[in-house]
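All remarks here apply to the structure that follows.
Each ligand, and each atom within it, is numbered from 1 in the order the structure gives.
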Amino acid sequence: MNDSVLTQLAEVLESRKQAEPDSSYVAKLYAKGLDSILKKIGEEATETVMAAKDGEKDKIVYEVADLWFHTLVLLAQQNLHPDDVLKELARRFGMSGLVEKANRND
Ligand SMILES: N=c1c2ncn([C@@H]3O[C@H](COP(=O)(O)OP(=O)(O)OP(=O)(O)O)[C@@H](O)[C@H]3O)c2ncn1[C@@H]1O[C@H](COP(=O)(O)O)[C@@H](O)[C@H]1O
């Protein structure tokens with residue numbers, strides 16, 4: 001494990017599984033269930049597309065952050081970790097050394 005933003009956020013998202021729905025946005029989303037998480041991902045993807053079509057860089061960054069955030073909620077809900085995705089990207093990039101390093105840090 002490392003202390004990247006993704007890892008730290010993943011830890012917070014994991015901890016929200018024990019939180020009361022009224023106490024947290026993420027806990028509320030878990031309580032609403034998978035379909036609600038998927039709906040948010042669809043909405044944020046659409047908002048990202050619209051921001052890109054408008055050509056507003058600040059808005060693109062904001063909407064992609066929303067999109068990444070909700071995909072991280074999905075990963076947590078499915079008991080997956082951002083490292084699983086990073087390892088897959090590294091594998092596709094042919095960076096076997098990085099994959100091995102990520103595995104060692106598990
Ligand atoms: N990074 C985020 C983050 N990004 C976006 N969001 C929420 O995602 C929602 C985005 O939905 P929309 O853009 O549709 O805005 P909205 O209309 O207010 O949302 P809805 O009412 O339609 O759900 C907003 O409610 C944002 O507050 C986030 N909520 C939380 N986090 C992180 O998650 C951590 C845990 O959050 P809590 O569970 O709320 O403590 C926080 O410490 C943050 O670091």
Side-chain angles (χ1 to χ4, degrees):
M1 285 291 174
N2 60 51
D3 60 357
S4 72
V5 172
L6 288 181
T7 296
Q8 291 183 49
L9 185 51
E11 284 171 13
V12 172
L13 298 181
E14 193 61 33
S15 75
R16 293 298 188 260
K17 291 180 180 178
Q18 270 76 50
E20 290 296 324
D22 283 348
S23 70
S24 142
Y25 173 77
V26 175
K28 191 173 292 170
L29 208 43
Y30 288 145
K32 287 185 187 169
L34 178 62
D35 283 358
S36 291
I37 298 170
L38 299 178
K39 185 163 174 276
K40 287 305 293 183
I41 291 174
E43 287 171 9
E44 303 305 348
T46 301
E47 285 167 19
T48 298
V49 170
M50 287 162 57
K53 293 295 277 182
D54 290 344
E56 293 179 38
K57 289 195 189 325
D58 287 355
K59 214 167 148 195
I60 293 170
V61 169
Y62 187 89
E63 297 302 346
V64 169
D66 271 354
L67 179 58
W68 284 16
F69 170 72
H70 285 90
T71 59
L72 290 169
V73 173
L74 172 66
L75 289 177
Q77 196 263 358
Q78 297 287 311
N79 295 315
L80 290 163
H81 191 276
D83 283 351
D84 296 317
V85 179
L86 294 177
K87 282 177 196 168
E88 174 60 16
L89 287 172
R91 187 191 65 76
R92 292 181 195 180
F93 204 47
M95 301 173 82
S96 56
L98 278 186
V99 175
E100 284 161 22
K101 184 170 181 289
N103 284 332
R104 276 201 304 277
N105 289 334
D106 272 349

In this structure, CD of Glu14 is separated from NE2 of His81 (nearest 0.5 Å) by 8.5 Å
If we number the atoms of ligand 1 from 1 as shown, the ones under 4.0 Å from a heavy atom of Val12 are 34 (C), 35 (C)
>> When you measure from atom 42 (O) of ligand 1 to the protein, is at least one non-hydrogen atom found at a distance under 4.0 Å?
In response: no
- Item | Protein non-hydrogen atom below 4.0 angstrom of atom 1 (N) of ligand 1 present | yes
Exercise. Does the salt bridge (Lys or Arg N to Asp or Glu O under 4.0 Å) test come out yes or no for Lys59 and Glu63, once each step is laid out?
Worked result: CA-CA 6 Å; Lys59 214 167 148 195; Glu63 297 302 346; 5.9 Å; no
CZ of Phe69 to NZ of Lys40, rounded to nearest 0.5 Å, is 10.0 Å
Could any protein non-hydrogen atom be found less than 4.0 Å from atom 16 (P) of ligand 1?
no
Nearest non-hydrogen contact to atom 14 (O) of ligand 1 from the set Gln8, Lys40, Arg16, Glu43 belongs to Lys40
Value for CG (Leu34) from NZ (Lys39), rounded to nearest 0.5 Å, stands at 13.5 Å
Closest to atom 6 (N) of ligand 1 among protein heavy atoms sits Phe69 CE2, 3.7 Å
Atom 38 (O) of ligand 1: closest protein heavy atom, distance to 0.1 Å, is Ser24 OG, 2.4 Å
Original post:
Using 4.0 Å as the upper bound for N to carboxylate O, is an ion pair formed by Glu88 and Arg92?
Top reply: yes
Within 4.0 Å of some non-hydrogen atom of Glu44, the atoms of ligand 1 are 10 (C), 11 (O), 12 (P), 13 (O), 14 (O)
the protein heavy atom lying closest to atom 25 (O) of ligand 1 turns out to be Tyr25 CE1, 3.6 Å
When distances are taken from atom 36 (O) of ligand 1, the protein heavy atom at minimum range is Val26 CG2, 3.8 Å
Heavy-atom closest pair (Leu13 atom, Val73 atom, distance to 0.1 Å) is CD1-N, 3.8 Å
The side chain to side chain contact (heavy atoms under 4.5 Å, CB included) partner of Leu80 among Leu75, Val85, Leu74 is Leu75
Of all protein heavy atoms, the one nearest atom 44 (O) of ligand 1 is Leu9 CD1, 3.9 Å
A student checking ligand 1 against Asp66 at a 4.0 Å heavy-atom cut-off should list atoms 4 (N), 5 (C), 13 (O)
Value for CG (Leu89) from NZ (Lys87), rounded to nearest 0.5 Å, stands at 12.5 Å
#### Entry: Within 6.0 angstrom of Asp35 CG, more than 12 heavy atoms from elsewhere
no
- Message: Heavy-atom contact check, 4.0 Å cutoff: does His70 meet ligand 1?
- Response: yes
Can you check atom 21 (O) of ligand 1: any protein non-hydrogen atom closer than 4.0 Å? no
